[in-house]
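Notes follow the structure.
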Amino acid sequence: MNITYLNAQTVQKEKQDLTTILNTLENLYDIRFSYADELLKDIKLILPERDLTLIDILNFISTETNLNFELLNNRFIVVTEKKADNLDDYNTQILEEIVVVNYLTTGVTKLNDGSIAIKPETFGILPGLIEPDVLQTIQALPGILSIDETVSNINVRGGTHDQNLFLWDGIKMYQSGHFFGLISAFNPYTTKSVNVSKNGTKAKYGDGISSIIDMRLSDKIDNQFRAGAGFNLINADAFAKIPLSRNTELQLSTRRSITDLIVTPTYDQYFKRVFQDSDLNQFNDTSISKNENFFFYDFTAKFLYNITNKDKIRLHFLTVNNKLNYDEQSRINDRNEALNSKLSQQNLATGITYSREWNNRLKTTAQVYVSNYDLDATNFDIINDQRLIQENEVYDGSARLDVDYAANKNLKFNGGYQFTEVGISNLEDVNNPVFRSFIKEVIRSHAVYGEGSFLSNNVKTKLNIGARVNHFKKFDTFLVEPRLSFSQRFLNNFRLEILGELKSQTTSQIIDLQNDFLGIEKRRWVLSNNEDIPILKSKQASIGLHYNKNKLLISVEAYLKKVDGITSRSQGFQNQFQFINDTGGYKIKGVDVLINKQFQDVVSTWLSYSYSKNDYSFTDLNSGNTFPNNADITHAATAGGTYTYNDFKLSVGINWHSGKPNTEPTGLDDSTFRTINYESPNSSNLDDYLRTDCSATYSFNLVNDIKATIGASVWNVLDKKNIINKYHILDEEDNSIIPIENLSLGITPNVSFRVNF
């Protein structure tokens, strides 16, 4: 479905049967309505004589009748009767917010507040993906990429991964990836919707100075059993949506890797990519690491209970786990010795939500949750007879009261209060020499927020304006964060978009040493102390112009973003600044361009390009002069297309971007010959990155109501050897400088099979 226009001459002046009007709309917009014949019986209407979008028409019909219109997927709209106690509330709000349907592919929609909505259950296909991996999908959007190809290092407009706020059913998550970053930790088959916002976010959101990724499970009890199961060359999964009674439901999902049971070509490539620069691959003449055992799993549960038609309770639970064990063997004094090193990473989240619809205008929601993240590593060094234990633990508890009030169909308000307590601890324990360090910080914050939303009668003007006030008692600090989102359609096919926001956050990730946590998960969470780790603060403004007609979208958005309070340890320097602690910020300005052309419901093609200039500014680094950000990707472009014919889907795409900034050595320090001298920081660049991906899926009926889907994909079809990181170490034996290069995934095939019933 696309947003096109109904000309005045198409509209007849006499009353028409509503069934006739809907049939006309189906032919004009290539959509399908689902309704009971009795529902539309004897309803006649005269449509107004003016240019109308599909949204305008449905809004008009809903206002004039007792009907709701709800968008199910890219083509199907369900027509239902309004509830007797809720006649002024209609579901066309979903349609009112839509600017572009099938943004790149089916199931991806651009909304008029500047955000992107993704529905995994109606997701089409993207290059290299055979399943709707949420965090891989968002990297197809302009302005979002991962320099190292992982979902645990997503860079949104030049920010680091810890500057993204990941919410799972309203609960903050501190772990986003499986396989140490190559696979999203969130099961897409129970995720109902994902909302991605890069700027102009709603006032109810705190944290996330670079982006908000808000993932929601289904919140409706529809008394229908649904289930599915499947596998690919990395993991197997299953989910079920189980009605327990007329007003209760249980949603379950689980996923587990098969990597410890069978070695596949996909696992082989993933293993090389993840562990190429870790202790697991650091062999020498006297020791060797082997017998590795790696696996991951996740489990989610949601219990839905409608106490009454107005009162609802929801219970949420999620656990995400990665575990690695390996033996380090050595022959010392003619005796074989072996010790086991291990790493575990877990995010456990649980919460309860209570909502009440007081009437058709007022709704309140209260939520309490606890999110716990734990990263543990035990590393044995046989040669030096040393054992190192490291632990990073996050405890996040929050309580929120949220109020929605609709003054009328044009004006709505949202406000509320949130209390959050975050405690983060870091432990290091060495046995030789004996050393132990345990640091724990706690921050409690209070926030109040309010926002007004205006939507004009003709759905051409949308304005969200609000503010969030945060109070950090520990620092005796108040921070006021205004938010703005303005959208105006003009000349029927054009839309102007202005977004702005101020944000802050007190959690961030740092790297103390590159070989921390076995060199695999180097980053550890820390809390701001308002001294050497300040509160992160961001300012961002953007202006965009979008043209959309006849399934052609041309979108241009320019932005300016400034972030203060970052630490040098959070940026992962591997040059002359690796062991220097300093605070500063970065400033990025850029332009995102997207051209998306759809041909009926068969072909969708796109070309995107992003230009940005991203510079650091630190007090002591580089003599206080600005220099390129580690995430400064000046040029990035993607081109791709999808082809859909009945139940067959095919997608091919190319990803290219200029090389990551790099610092080359100039030689050794003349006085010691044990220190590497470097050129100006980030004054060079790695070679350009280029990757070609393809994927295909086919769905068919297995038996009765059981539908099966098979898929195949190839990541990096051309097997391009992309260097994604480069640094230098000193060989102490001959005082030579050794370059270390980290490579991207090579050619990586994958296949999948799943059934749904």
Side-chain angles (χ1 to χ4, degrees), residues 143-148 153-164 198-199 209-211 500-505 508-511 528 530-543 557-592 610-636 657-666 676-689 724-728:
I144 302 178
L145 58 81
S146 174
I147 293 179
D148 62 6
N153 188 23
I154 295 176
N155 310 108
V156 180
R157 290 182 172 173
T160 50
H161 185 76
D162 56 328
Q163 295 170 8
N164 304 313
K198 296 178 284 186
N199 189 11
I209 62 173
S210 279
S211 75
E501 65 180 23
L502 266 65
K503 277 188 179 178
S504 65
Q505 68 180 65
S508 59
Q509 288 180 306
I510 63 169
I511 299 175
S528 298
N530 226 20
E531 295 175 358
D532 60 320
I533 307 178
I535 297 175
L536 285 166
K537 301 175 185 177
S538 73
K539 303 174 184 177
Q540 186 176 186
S542 63
I543 182 169
E557 186 172 3
Y559 62 89
L560 179 65
K561 174 178 160 186
K562 189 175 188 299
V563 173
D564 294 308
I566 66 173
T567 66
S568 55
R569 290 189 299 164
S570 70
Q571 301 303 300
F573 288 112
Q574 291 179 278
N575 51 21
Q576 61 265 54
F577 302 144
Q578 181 170 348
F579 303 107
I580 299 178
N581 295 334
D582 194 17
T583 59
Y586 68 86
K587 184 178 180 180
I588 180 171
K589 52 186 177 181
V591 178
D592 294 332
S610 294
Y611 167 83
S612 63
K613 187 70 175 71
N614 190 355
D615 289 323
Y616 284 129
S617 177
F618 283 94
T619 305
D620 298 325
L621 304 188
N622 201 36
S623 302
N625 298 318
T626 62
F627 61 98
N629 193 304
N630 291 341
D632 180 31
I633 302 299
T634 307
H635 306 280
H657 64 71
S658 52
K660 175 188 175 184
N662 181 49
T663 308
E664 290 293 332
T666 59
I676 300 175
N677 288 331
Y678 289 92
E679 62 183 14
S680 298
N682 289 344
S683 56
S684 302
N685 290 84
L686 301 178
D687 293 337
D688 290 356
Y689 176 95
I724 55 177
N725 189 38
K726 182 180 180 181
Y727 62 97
H728 300 81

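Values below: every heavy atom of this structure, side chains too, minus hydrogens, waters and symmetry copies.
Side-chain atoms of Gln574 and Asn725 form a donor-acceptor pair, as typed in the model, at a separation below 3.5 Å. In this model, a donor atom of one side chain and an acceptor atom of the other lie less than 3.5 Å apart for Thr160 and Gln163. In summary, the side chains of Ser146 and Asn153 do not present any donor paired with an acceptor at a separation below 3.5 Å, with no hydrogens or angles considered. In summary, the side chains of Asp615 and Thr626 do not present any donor paired with an acceptor at a separation below 3.5 Å, with no hydrogens or angles considered. Between the side chains of Gln578 and Tyr727, not a single donor N or O lies within less than 3.5 Å of an accepting N or O.
Within the 4.5 Å cutoff, the side chain of Ile588 has heavy atoms near those of the Tyr559 side chain. Residues Pro534 and Thr567 have side chains in contact (heavy-atom distance under 4.5 Å, counting atoms from C-beta outward). Residues Asn575 and Asn682 are in side-chain contact: their nearest non-hydrogen atoms beyond the backbone lie under 4.5 Å apart. At a threshold of 4.5 Å between non-hydrogen side-chain atoms, the residues Ile580 and Asp620 do not count as touching. Between Ser508 and Leu536 there is a side-chain heavy-atom pair separated by less than 4.5 Å. Gln571 places a side-chain heavy atom less than 4.5 Å from the side chain of Asn629.
Relative orientation of the Phe627 and Phe577 rings is tilted, given thresholds of 30° and 60° on the angle between their planes.
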Quiz item: Asn530 and Ile535: side chain to side chain contact (heavy atoms under 4.5 Å, CB included), yes or no, with the steps?
Solution: CA-CA 6 Å; Asn530 226 20; Ile535 297 175; 4.0 Å; yes
Practice problem: Dump the intermediate steps for side chain to side chain contact (heavy atoms under 4.5 Å, CB included) on Ile566 and Tyr616, then the final yes or no. | Solution: CA-CA 10 Å; Ile566 66 173; Tyr616 284 129; 3.9 Å; yes
Quiz item: When you look at Lys587 and Leu560, which way does the side chain to side chain contact (heavy atoms under 4.5 Å, CB included) test go after all the steps?
Solution: CA-CA 8 Å; Lys587 184 178 180 180; Leu560 179 65; 3.8 Å; yes
Quiz prompt | Test side chain to side chain contact (heavy atoms under 4.5 Å, CB included) applied to His635 and Asp688, step by step | solution = CA-CA 10 Å; His635 306 280; Asp688 290 356; over 6 Å; no
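Partner of Ile209 under the side chain to side chain contact (heavy atoms under 4.5 Å, CB included) criterion, out of Gln540, Gln505, Glu501: Gln505 alone.
To the nearest 0.5 Å, atom CD1 of residue Ile510 and atom CG of residue Asp162 are 10.5 Å apart. In this structure, the separation between OG on Ser658 and OH on Tyr611 is 10.0 Å, given to the nearest 0.5 Å. The NZ atom of Lys561 sits 9.0 Å away from the CG atom of Asn199 when rounded to the nearest 0.5 Å. Taking CD from Glu664 and CG from Asn685, the interatomic distance works out to 10.5 Å, rounded to the nearest 0.5 Å.
The two residues Gln509 and Ser570 make their nearest non-hydrogen contact at O-CB, 3.1 Å.
The existence of a salt bridge linking Arg157 and Asp592 is confirmed by a sub-4.0 Å separation between a basic side-chain nitrogen and an acidic carboxylate oxygen.
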